[in-house]
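Below, read A as the first sequence line, B as the second, and so on, with proteins coming before strands; counting in each chain starts at 1.
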Amino acid sequence: MSLLEVDALDVHYGAIHALHKVSLAVEEGEIVTLIGSNGAGKSTTLRALSGMVQSSGGTIVYGGRSIVGLRSDEIVRLGLAHAPEGRGIFGSLTVRENLELGAFSRRDGKVRSDLERMFERFPILQERAQQSAGTLSGGEQQMLAVARALMARPKLLLLDEPSLGLAPKIVQKIFAIVAEINRDGVTILLVEQNAHLALSVAHRAYVLETGEVKMAGSASELAASDEVRKAYLGVG
Amino acid sequence: MIPAAAQPISVTRALTRSLLPVAVGLGLGLGLGQVVPTGTYAEKILFDIGINIILAVSLNLVNGFTGQFSMGHAGFMALGAYASIVVTYYGGFALFGDVGCHLNAQGYGLYFTSLVVGGLVAAAAGYLVGLPSLRLRGDYLAIVTLGFGEIIRVVLQVSYAVVEPEEMATVDWWERPLHLGKSLGFVHQGAYNSLSWTYAAVVLTLLCAYRLRESTHGRAFLSVRENEIAAEAVGIDTTRYKVNAFVLAAFFAGVAGALFGHQLGTGTAARPEEFNFMKSFEAIIMVVLGGMGSISGAALAAVTLTLLTELLRSVQDYRMVSYALLLILVMILRPEGLFGTRELWHFLRRRRP
């Protein structure tokens, strides 16, 4: 059984039909990516999964139970964390406070040791621990957003556009970290405009177009397909 | 913050850390009441300052911490004042057989009860107002609270005349809380309050606000202000936390009203007109001036603005004009308020980068 199974998911924003019968599955241990152009419904899919927007139809089964209609705080407690688009850090709180808030839903005693581990993985965050998060650079803020989501000890991490507005060198670094996190056992559902990069780290991918799943397959298959190459990779 | 389990400290240290400030603060608060002679000008000013500190610091929980905009703080203050007076006046009659001010253990017990009741009634109203309006984003809360404050004031104006002791027999006990003195205000309540009571409440309000901000819940409040979507993403039930902050703020406003309603020498303290929109507006100015989210900033702004009002009494017709100008200047020169989200001691010690 898959860790996440989405079947015929519909989302409406008022009169706008944003997602049209989207079905996808994520197996434990995978990196799955959703690629597609602006407005294809990638972020909306993630928001529906984490309970930030209500779906109007379809089923979402995570870890064997339906999570449709649960509040986002309940979903986080089930181990499904969302690092939202545009990083969404708490600007006037310190880096450390941001990370501690990431563990908000946890009531176990291992938060402190997890914090130390985050600082090992992201040394720059340790350096800046007492600094207001708003003073970090874009890349540092993205690392903070990822680290904060990891503080919830998620089984499944939803990552929305981690490359947004970052220099190519920083993007490489972020994606290396994504792969590393995955090797440590976190399943990742990655939304990304940079299809080339996303397909290079993912195991499988779905192509979204105007709210519908157009193609699905292994990352290498899709990277080799003519359609994807033409539309999203800018070659051919 | 780290949950307590991750941070084992000894019980004695935890107790001294949490109780010592309360003991010292209460000592100072109660002591102030003994030092300043009653019936003096200084007492009146200090009383006004105390009430305003509680109002500003509590409003700061909503407008500063969670970034919502409440404009009806005076309404909660009015509810607290009238509810507590009902307890000391009608409750006092049931207890003592007269409506006089009983400055003994029983009387003070009654007064303390009335303060708690005043706070709770205001908090309950805060829950009823906050639950629907805080589900929505943006300006809804401002509109709803503005209306709420005015409704409370108008309803108080159309209440019945206060039941005199000799008439008590003619009015059923359950009808008595409707007899609140019309637009003239409640005039016969006992003058139970003193600077000691006022500053004990000030100290408790400040400590609550401070401890709250340093707690997990306080961080959750701040995260709602900083970024609501991210707050949801880390698993914070944002509506619940907004309502919590709102209810807590209403509670303290209610206590401030209760103190205010029992102060001798402020004329007929509990008049509906005392709790008009200007009162809410003054509290907002204190929070904005002091810094949205700064506890000491709100308190200092309350002290400063209260003193300024006294000093500028000769030109008091222009008070609201000068407030408006002040607000505009703050918006232009220092939109985050004098202290921003920082506290006084952050400036005295190492500055946060």
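- With a 4.5 angstrom heavy-atom cutoff, B:R225 touches chain A only via side-chain atoms.
- Here the straight-line distance linking atom CD of A:E85 with atom CD1 of B:I229 works out to 9.5 Å at 0.5 Å rounding.
- Taking each heavy atom of B:V234 and A:F90 in turn, the nearest pair found is CG2-CZ, 4.4 Å.
- Minimum heavy-atom separation, A:G88 to B:A230: O-CB, 2.8 Å.
- Residues A:R71 and B:D237 meet the side-chain proximity criterion, which asks for heavy atoms closer than 4.5 Å.
- Within a 6.0 Å sphere centred on CD of A:E28, other residues, nucleotides and ligands contribute 12 heavy atoms or fewer.
- For the pair B:I236 and A:L101, the minimum side-chain heavy-atom distance is below 4.5 Å.
- Smallest separation of non-hydrogen atoms from B:G235 and A:F104: O-CD2, 3.6 Å.
- Remark: the backbone N or O of A:I89 is not paired with any side-chain donor or acceptor of B:E226 at under 3.5 angstrom.
- Inter-residue side-chain proximity for B:L222 and A:L93 is flagged as met; some heavy-atom pair is nearer than 4.5 Å.
- Atom OH of A:Y13 has more than 12 heavy atoms from other residues, nucleotides or ligands within 6.0 Å.
- Distance alone, capped at 3.5 Å, places no donor-acceptor pair between the B:E232 side chain and the A:S72 backbone.
- Atoms CD and CZ, on A:E100 and B:R219 in that order, are 6.5 Å from each other to the nearest 0.5 Å.
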